[in-house]
Amino acid sequence: MKNKRAGSGAQAQRRYARIKKITAALLTASIVLFLAVFFAFVPFRLLLPAYSVSAREEGELRLHFLSLAGGVTVVEFPDGEVLVVNAGDGSFTSDNTLCKFLRALDMKSLSLLATCADSFHVGGMPALLELFEAEKVYLPAFAPESAAYSRFLAAVEKEGCEQVKLSRYETIVNGSGAYAVCLSPYSAEEETVTEDDASAVLYLSYAGVNILLSGDVTARRERRLVGEYALLHSVFDSGEYKVRLEETDILLASSHGSDRGSSEEWLSLLDPSATVICCNRNERPSDNALGRIVAASDHVYRTDELGAVTFTIKDGSYRVQTHVIE
């Protein structure tokens, strides 16, 4: 009898162990299935905590220059409209950083702008389109075929955003009175144009403060723009929206401070009070370009050294704040 009872007890333990294993396997499978279904409908980046960014006050326009590959500029207009100029290289870390930063802003609407088709500028656009509802997407005038650019266009088509191709005189107008005018390229059909020279150059103006976002243009294109402006100061005006390059207050250096751009002629014309070099630890400015930029500007801000650099513009003046968000 003892042996029978012992045998029955052992069988019961084995059955219990099997049931426990099956239950654990079913529970694990259920969790995996739930997560797969959940993330099929809810991007995981929605669950990441937003960064801590101070609230924009009434009447303020803010420019955030982020220390991400390829350079990212986020323009916060006074009414809550947000324009993201370039979106990084699409790496996991870069996409997370940009998405968490944008979630911290009080956005009323979102538009995206690619100054060129390079993967370091458009690589992060699909992640933004997946997470946020973008109203409009500004496309570069010249876009050589590439895998990254094709993914970007596919994401734009999927979301059904309004598309605008950037070329000279294309104007972005905000209800606050702020506006941005595209100065270059003139068109997509220019002969012997390179991708860098066809990069969009934007002149942004608000409350008496003027900003020049140089994109990736080379010294050759800078000199051409200087020459055109010397012949006619209204050459870049778009209707009532005036462009006065000599009144530039804030400059975003071209090509992340590389020696390809930031020519003496360009810097001499602009004569900026502040210049931002949007770069990271892997794309530092060249010594030659840095020397020219320092000589031409009262203040120079490098995102590889300072982290994010924010300019807050209101009532004809601006203040600068630097903060690490990564």
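Note that this is a predicted model, so its numbers are computed, not measured. Index from 1, following the sequence.
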Polar side chain donor-acceptor pair, [X] to [Y], under 3.5 angstrom:
X	Y	result
S297	T275	yes
S263	R223	no
S238	T171	yes
N210	S205	yes
T115	N86	yes
N174	Y179	no

Which heavy-atom pair separates [X] from [Y] by the least distance, and what is that distance?
X	Y	value
A178	L61	CB-CD1, 3.8 Å
G124	D95	CA-OD1, 3.3 Å
G215	S199	CA-OG, 3.5 Å
D249	V209	OD2-CA, 3.4 Å

salt_bridge([X], [Y]) N-O dist < 4.0 Å:
X	Y	answer
D216	R221	no
E135	K108	no
E60	K314	no

**Sequence neighbours excluded, every pair satisfying ring pair (Phe, Tyr, Trp, His ring centres under 6.0 Å) that has a member inside residues 253-308** =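 Those involving residues 253-308 are H121-H256, Y301-F311.
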
**Message:** Has D237 got a side-chain atom pairing as donor or acceptor with G239's backbone, closer than 3.5 angstrom?
**Reply:**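 No; judged by distance alone, with no hydrogens or angles, the pair does not exist.
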
**Asked** Judged by atom type as modelled, is there a donor-acceptor pair below 3.5 Å linking the side chain of S94 to the main-chain atoms of G90?
**Response**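 Judged by distance alone, no pair lies under 3.5 Å.
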
Rounded to the nearest 0.5 Å, what's the gap from [atom1] on [X] to [atom2] on [Y]? Could you check?
X	Y	atom1	atom2	result
L202	C182	CG	SG	5.5 Å
T303	F65	OG1	CZ	10.0 Å
R244	L270	CZ	CG	14.0 Å
E222	E264	CD	CD	11.5 Å
D271	D298	CG	CG	7.5 Å
L131	L102	CG	CG	8.5 Å

**Request:** Starting from the C-alpha separation in whole Å, work towards a yes-or-no answer on side chain to side chain contact (heavy atoms under 4.5 Å, CB included) for L252 and C278.
**Result:** CA-CA 7 Å; L252 175 62; C278 211; 3.7 Å; yes

Look at the side-chain heavy atoms of Ile, Leu, Val, Met, Phe, Trp and Tyr, link any pair under 4.5 Å apart, and say whether [X] and [Y] land in one connected group.
X	Y	value
V72	Y149	yes
Y138	I211	yes
F120	L129	no
L231	F236	no

Enumerate donor-acceptor pairs with a distance under 3.5 Å from any side-chain N or O in residues 151-158 to protein atoms, sequence neighbours excluded.
{"from": "E157", "atom 1": "OE2", "to": "Q163", "atom 2": "NE2", "distance (Å)": "3.1"}

